[in-house]
Trainee: 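Mind having a look at this structure? Questions to follow.
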Amino acid sequence: MKKALCLVLSAIMVLSLAACGGGQAAAPAASEEKAAEASSDSGKKDYKIALVGGETSSEWYMRVEKGINEYRDETGINASFNGPATSDPTETVSLIKDLISQKVDALIINVDCQDAVEPALKDAREAGILVISTEGTGMTNRDYDVEPCDNKYYGEYMMQGLAKQMGEKGKYVVMVGDLTSTSHNAWADAAIAYQKENYPDMELIDERLESQVNAEVAYERAKEILKKYPDLGGILGCSSFDPLGASKAIKELGLDCKTFGNGTMLTDEEVLKDGTLEAITFWDPGLTAKAMCNLAVQILDNGGKGDGVVKEGMNLGYEGYDNCVVDGQCIYGNALVYGTVDNFDEYPF
């Protein structure tokens, strides 16, 4: 059953990826050449690029840090990872302010607390610092945003996966990491819209659960909603901890409820391997970090201007980001992964 589901969803993804620039959603892999042609001469440049990520204990952000470290080794560019010890937004804001005082050339922003950091990013831009975000299509105080895929498509794809597991019928609920998260709520909105148009026998329970990007909170929220609606058929999770928390609640209560959404292999290892969770979807955030650094270098090489650099089909030097779709200040790659026990070892994060 799992292999059949995987094959069906893979076919769906091939057909749907036109929304993200076309082609198959292959597993992303870093170029073996040093940062490809996107930053061929930039190892000689004395740029300071600082990525501000989320909580350092998160395996997701550990992967981001690994990507930044690899990028620094590959190119010689002074790129660094900076993350808070906790999920408290004030720590993240403090980090950004400190980096502004250090007069970095570019800030790469990969955080969940977008609203909280907007004022600090405004200060950064006013100080002449290039600001590039990810998962921040709705942010105001950034120059460009890089995404592994169009937000609308990602939400639709998650709904396709959940619907297949639910047999395209039954009640479901949506969980997000934070009710203010730009990306999570964009995915949720797209998923719900897709369900209403394509799966009339599915019914949204009109509650958007908030997991606070925490597996234990996701577990508690899922348990609460499952007790309230024991006939619930599915939980769509947008935070990387949502499928894990929801799966543990489902298993504990012994209910026939499915979950699908954004996750990571190591975080979800237990429930993937025991079959409670059939599959997850994600991208390699370390690869996204490298692509964003290459974008920063290209723009800095162009005198800090994106004109002539940011254009349809642009190459950010890594697979999945080598033929990008550009929509205003948003740059979309084609870098999704469909994760199951069958490809578990390929993504050790």
Trainee: Identify all side-chain donor-acceptor contacts of residues 227-235 below 3.5 Å with residues at least two apart in sequence or on another chain.
Mentor:
from, atom 1, to, atom 2, distance (Å)
Lys228, NZ, Glu207, OE2, 3.0
Asp231, OD2, Lys171, NZ, 3.1

Trainee: Listed by chain and number, what are the salt bridge (Lys or Arg N to Asp or Glu O under 4.0 Å) partners of Glu126, not counting sequence neighbours?
Mentor: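 Glu126 satisfies salt bridge (Lys or Arg N to Asp or Glu O under 4.0 Å) with Lys122 only.
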
Trainee: Can you tell whether the side chains of Arg63 and Asp284 come within less than 4.0 Å, N to carboxylate O?
Mentor: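 Yes.
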
Trainee: Would you say Lys48 has more than 12 foreign heavy atoms packed within less than 6.0 Å of its NZ?
Mentor: no

Trainee: Whether Asp189 and Lys152 form a salt bridge (side-chain N of Lys/Arg under 4.0 Å from carboxylate O of Asp/Glu) is what I want to check.
Mentor: no

Trainee: Kindly say whether Thr137 contributes a backbone atom to a donor-acceptor pair with the side chain of Arg142 at under 3.5 angstrom?
Mentor: yes

Trainee: Any Lys/Arg nitrogen of Lys248 or Glu252 sitting under 4.0 Å from an Asp/Glu carboxylate oxygen of the other?
Mentor: no

Trainee: Checking Phe282 now: which residues fulfil ring-ring contact (aromatic ring centres under 6.0 Å, His included) with it, not counting sequence neighbours?
Mentor: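 ring-ring contact (aromatic ring centres under 6.0 Å, His included) check on Phe282 returns Tyr347, Phe349.
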
Trainee: Run the salt bridge (Lys or Arg N to Asp or Glu O under 4.0 Å) test against Asp105 and tell me which residues pass, sequence neighbours left out.
Mentor: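 Testing Asp105 for salt bridge (Lys or Arg N to Asp or Glu O under 4.0 Å), a comparison that skips the adjacent residues, returns none.
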
Trainee: In terms of ring plane angle, is the pair Tyr338 and Phe260 parallel, tilted or perpendicular, where the classes change at 30° and 60°?
Mentor: tilted

Trainee: Taking side chain to side chain contact (heavy atoms under 4.5 Å, CB included) as the test, write out the residues that go with Ser58, two or more places apart.
Mentor: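 Counting only residues at least two positions away or on another chain, Ser58 forms a side chain to side chain contact (heavy atoms under 4.5 Å, CB included) with Trp60, Tyr61, Phe241.
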
Trainee: Regarding Glu203 and Lys169, does a basic nitrogen lie under 4.0 Å from an acidic carboxylate oxygen?
Mentor: no

Trainee: Kindly write out the residues that satisfy salt bridge (Lys or Arg N to Asp or Glu O under 4.0 Å) with Arg221, not counting sequence neighbours, or none if the list is empty.
Mentor: Glu224

